Number of protein chains: 2
Amino acid sequence: MDLFQKCYDFTRADEVKALGVYPYFRPVQENEGPVVMLEGRKVIMAGSNNYLGLTAHPKVIEAARNALNKYGTGCSGSRYLTGTIDLHVQLEEKIAKFLGKEACLLFSTGFQTSQGVLAPLVGKGEYLISDKDNHASIVAGTLLSKVGQAELVRYKHNDMKDLERVLSKLPLDSPKLIVSDGVFSTGGEIVNLPRLNELAKKNNAKIMLDDAHAIGVIGKGGRGTASEFNLEEEVDLTIGTFSKTFASLGGFVVGKAKVIDYIKHHSPALIFSASPTPSSVAAATAALEILEEQPELVTKLIQNAERVRKGLTDAGFNVIPGRTAIVPVIVGDDQLAFTMWRMLYDYGIFTNVFISPGVPQGRQMLRTSYMSTHENSHLDFIIEKFIEVGKQLKVI
Amino acid sequence: MDLFQKCYDFTRADEVKALGVYPYFRPVQENEGPVVMLEGRKVIMAGSNNYLGLTAHPKVIEAARNALNKYGTGCSGSRYLTGTIDLHVQLEEKIAKFLGKEACLLFSTGFQTSQGVLAPLVGKGEYLISDKDNHASIVAGTLLSKVGQAELVRYKHNDMKDLERVLSKLPLDSPKLIVSDGVFSTGGEIVNLPRLNELAKKNNAKIMLDDAHAIGVIGKGGRGTASEFNLEEEVDLTIGTFSKTFASLGGFVVGKAKVIDYIKHHSPALIFSASPTPSSVAAATAALEILEEQPELVTKLIQNAERVRKGLTDAGFNVIPGRTAIVPVIVGDDQLAFTMWRMLYDYGIFTNVFISPGVPQGRQMLRTSYMSTHENSHLDFIIEKFIEVGKQLKVI
């Protein structure tokens with residue numbers, strides 16, 4: 001038996017490529033936000049997490065450029081050892097203040113943040129209670145906690161009755177952490193935090209939210225899920241990312257100073273990983289400043305997403321309802337999703353294809369998402385072409 | 001019981017801070033390579049992974065600046081969906097060619113690369129055989145494979161007799177992957193690849209090396225461990241990082257095209273993580289070009305490390321022998337390590353302190369590492385002050 005046999009046997013990607021409908025790993029040649037250059041032509045981007053369109057903002061680029069000159073292109077070490085620069089510390093202070101928490105800690109990616117927080121914090125004799133649809137990075141984090149002998153319990157997606165059921169079976173006195181996406185990345189739904197919080201308090205559980213798709217999108221001035229529900233004091237840990245609203249790369253966790261300090265000194269994903277680059281940290285800092293100065297960008301983002309959501313729903317598409325930047329259009333079949341993706345792409349619109357087993361059978365979708373910087377003409381063109389293609393393929 | 005009790009009880013960092021010898025998370029205020037600004041004064045950096053000193057190289061900075069203008073400050077998505085730019089593809093082609101392999105795949109951090117490769121590749125009924133001193137990122141990767149029901153077997157550090165022993169107990173026909181650091185990050189030793197390769201071939205095992213501390217350091221023109229031993233064809237997968245020699249942030253894996261393609265379509269750490277930023281990719285590309293054009297930088301790096309290694313060994317320090325960029329000075333006690341670190345720091349030298357349980361009791365060390373861009377005056381000052389402090393503390 002050959003370890004690589006599974007690789008030699010994997011042909012699905014080649015088959016989809018042969019059909020001309022392979023939507024993945026397409027290289028962008030230039031990026032100005034809502035419009036990108038792909039295969040030599042301009043395409044409207046309807047699948048990016050660049051929610052406030054800040055990756056091309058002059059102030060953000062300027063901040064990144066200045067950091068390159070002062071600190072160089074990388075920090076060449078982990079935060080723990082030689083890789084901390086004053087920009088890291090300043091951004092941590094800014095984020096903690098923005099979210100009204102005692103302390104913040106940066107990680108080099110959002111993906112690493114989940115495991116960086118969960119693995120050191122939840123171990124033997126402790127319970128990690130996780131929504132079944134949490135992001136893949138949380139799944140990786142919960143699995144690492146499980147190897148560290150934490151008890152891993154999962155509950156049905158955003159189903160508070162099921163959460164109540166699983167909690168009722170656990171010893172009241174045992175330490176517990178309930179972890180949930182604030183805004184779920186596939187469907188764009190918001191967690192039922194008020195009920196989750198009641199259940200947490202009744203059952204001696206702390207709460208951790210992943211606000212990757214929530215910061216800059218919901219809550220007061222884009223302050224995320226806890227703010228959306230006026231439950232800022234009740235959420236113990238919030239993690240987030242710099243690769244969406246903040247136009248950069250990296251992640252963070254906020255919480256009580258003692259908890260953050262513990263993670264700082266016990267987290268392999270922090271201690272043994274090179275720190276975020278100077279230009280990434282500077283870009284995220286500038287993006288946060290813009291968000292603080294221009295909360296109207298958040299309003300515009302939500303209006304933009306709502307314009308498409310309403311347009312497609314009114315046209316008869318099976319759109320998952322919501323009020324975030326994510327507008328998922330269910331088509332229910334792998335091949336149909338690929339074909340529809342290709343037809344929209346030929347019209348100059350880029351969407352994301354989610355197929356089985358990434359989503360359950362029947363939930364295959366074109367997942368679209370929007371930016372503050374989309375113009376109405378972009379959005380109306382997207383609606384128009386979705387309708388045209390949808391009719392042709394008998395999706396509507 | 002409170003989940004956060006362990007955090008409230010954690011006081012060791014505060015105690016070390018109170019003694020004035022806390023060496024961690026010190027923010028650098030400016031960085032020009034061998035000399036950095038720390039707490040308002042210039043300090044010689046003797047603990048960075050910036051091996052070729054390229055983070056401050058004008059060509060590397062210029063490449064990063066140009067990428068900012070063309071692609072913005074972040075890609076706002078994963079490689080899989082909307083986060084691929086042509087610079088990613090170009091760097092993958094360049095690295096594959098540089099290392100003489102069919103294909104390459106980038107990850108957003110070196111830390112994520114290990115788990116991004118191991119978790120999808122080694123699963124149920126397959127064996128992962130790992131050196132006990134492998135880097136923490138490999139440990140995380142092996143644990144995720146274990147959760148995926150791979151059999152995890154560890155062998156004594158770089159001990160080929162022990163590797164032979166553990167292999168002899170496994171079924172010959174079962175798929176196996178032996179994973180080892182090429183250059184071990186703590187002690188700087190090089191893996192015994194010739195013997196490891198013999199054992200792999202005898203036992204139906206593939207080989208994966210982590211060349212984070214090897215690329216740009218050993219091998220022909222800095223091509224790493226396989227090249228060092230003329231065993232390029234025998235190593236199946238090599239992973240590496242951009243945060244050391246390549247002056248940036250990110251990681252990569254090289255290997256056969258079919259294997260890389262499989263990882264591309266099955267790796268959560270790739271598919272669900274935002275891609276490396278345009279400026280980071282451009283910086284790494286420029287750094288690789290400089291390495292290809294100026295292999296003499298590698299020679300200078302090794303000479304620089306050897307100058308300090310010889311100086312400290314001759315002076316009577318317990319230095320781990322080697323021929324990489326890492327020069328570890330064992331002092332054998334936590335408090336002694338902290339005190340010696342502080343005295344050197346007061347002289348304007350920054351080193352890394354490795355204490356228990358990070359290293360075994362008695363192996364506590366000041367781990368130093370060098371750059372091509374250190375001048376002899378820097379190195380001789382380091383030797384001089386080590387000797388002065390070492391005598392004062394009766395380490396020598």
Side-chain angles (χ1 to χ4, degrees), chain A residues 1 3-4 7-8 10 13 24-25 27-31 47-50 55-56 60-61 64-65 68 70-74 76-77 79-82 84-86 89 108-109 111 136-137 140 143-144 147 173 175 177 206 243 247-249 258-259 262 265 268 272-274 277 279-280 283 352, chain B residues 1 3-4 7-8 10 13 24-25 27-31 47-50 55-56 60-61 64-65 68 70-74 76-77 79-82 84-86 89 108-109 111 136-137 140 143-144 147 173 175 177 206 243 247-249 258-259 262 265 268 272-274 277 279-280 283 352:
Chain A
M1 294 279 287
L3 181 74
F4 294 156
C7 310
Y8 308 140
F10 172 66
Y24 307 120
F25 294 99
V28 167
Q29 293 148 333
E30 280 179 44
N31 187 353
S48 174
N49 298 318
N50 186 10
T55 62
V60 178
I61 290 181
R65 288 170 70 97
L68 281 174
K70 193 167 174 189
Y71 305 92
T73 51
S76 313
R79 290 292 309 282
Y80 197 65
L81 296 175
T82 59
T84 292
I85 58 174
D86 49 12
V89 180
S108 301
T109 65
F111 189 92
S137 60
L143 293 179
L144 283 170
V147 178
D173 190 49
L177 181 69
K206 308 289 186 191
S243 58
S248 179
L249 179 69
K258 281 298 284 182
V259 177
Y262 182 84
H265 291 88
F272 299 102
S273 184
T277 65
S279 57
S280 283
N352 289 318
Chain B
M1 294 279 286
L3 181 74
F4 294 155
C7 310
Y8 309 140
F10 172 67
Y24 307 120
F25 295 100
V28 167
Q29 294 149 332
E30 280 179 45
N31 187 355
S48 174
N49 298 318
N50 187 12
T55 63
V60 179
I61 290 181
R65 289 169 70 98
L68 282 173
K70 192 168 174 189
Y71 305 91
T73 50
S76 312
R79 290 293 309 283
Y80 197 66
L81 297 175
T82 59
T84 291
I85 60 174
D86 49 11
V89 180
S108 300
T109 64
F111 189 91
S137 59
L143 293 178
L144 283 169
V147 178
D173 190 50
L177 182 69
K206 307 288 187 192
S243 57
S248 179
L249 180 68
K258 283 297 284 182
V259 178
Y262 182 83
H265 291 88
F272 299 102
S273 184
T277 65
S279 57
S280 283
N352 289 319

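Predicted model, so just to flag it, every value in this text is computed and none were measured. Letters go in sequence order (proteins before strands), and every chain restarts at 1.
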Exercise. Heavy-atom distance under 4.5 Å to chain B: side chain of Lys70(A), backbone, both or neither?
Worked result: both
Problem set entry | Partner chain B: residue of Ser76(A), Gly74(A), Ala56(A) with the largest heavy-atom pair count (under 4.5 Å) | Ser76(A)
Exercise. Who passes side-chain contact (heavy atoms from CB on, under 4.5 Å) against Lys258(B), sequence neighbours left out?
Worked result: Tyr8(A), Asp14(A)
Problem set entry | Taking every non-hydrogen atom, the tightest pair across Phe111(A) and Pro268(B) | CE1-O, 3.4 Å
For this session: Under 4.5 Å, counting heavy-atom pairs only, tell me which of Val147(A), Asn50(A), Thr55(A), Asn49(A) racks up the most with chain B.
Result: Thr55(A)
Exercise. Looking at Leu144(A), Leu143(A), Val259(A), which makes the most heavy-atom pairs under 4.5 Å with chain B?
Worked result: Val259(A)
For this session: Go through the atoms of Ser137(B) and report whether side chain, backbone, both or neither lie under 4.5 Å from a heavy atom of chain A.
Result: neither
Problem set entry | Heavy-atom side-chain proximity of Ser279(B) to Thr277(A) below 4.5 angstrom | no
Problem set entry | Which of Val60(B), Asn31(B), Leu3(B) touches chain A most, by non-hydrogen pairs under 4.5 Å | Leu3(B)
Seminar exercise, completed: With chain A, the option among Phe4(B), Tyr80(B), Tyr71(B), Tyr262(B) that has the most non-hydrogen atom pairs under 4.5 Å is Tyr80(B)
Seminar exercise, completed: Looking only at Ala13(B), Ser280(B), Gly47(B), Ala247(B), most heavy-atom pairs under 4.5 Å shared with chain A are made by Ala247(B)
For this session: Please look at Val89(B) and chain A and tell me whether the side chain, the backbone, both or neither of the residue comes under 4.5 angstrom of a heavy atom of that chain.
Result: side chain
Seminar exercise, completed: Of all heavy-atom pairs linking Ile61(A) and Gly72(B), the shortest is CD1-CA, 4.4 Å
Problem set entry | Donor-acceptor pair, side chain of Asp173(B) and main chain of Met1(A), under 3.5 angstrom | yes
Exercise. Where does the angle between the aromatic ring planes of His265(A) and Phe10(B) fall among parallel (under 30°), tilted (30 to 60°) and perpendicular (over 60°)?
Worked result: tilted
Seminar exercise, completed: The side-chain contact (heavy atoms from CB on, under 4.5 Å) partners of Asn352(A) (sequence neighbours excluded) come to Phe350(A), Phe354(A), Arg367(A), Leu81(B), Thr82(B)
Problem set entry | Close side-chain approach of Ser248(A) and Thr73(B), heavy atoms under 4.5 Å | no
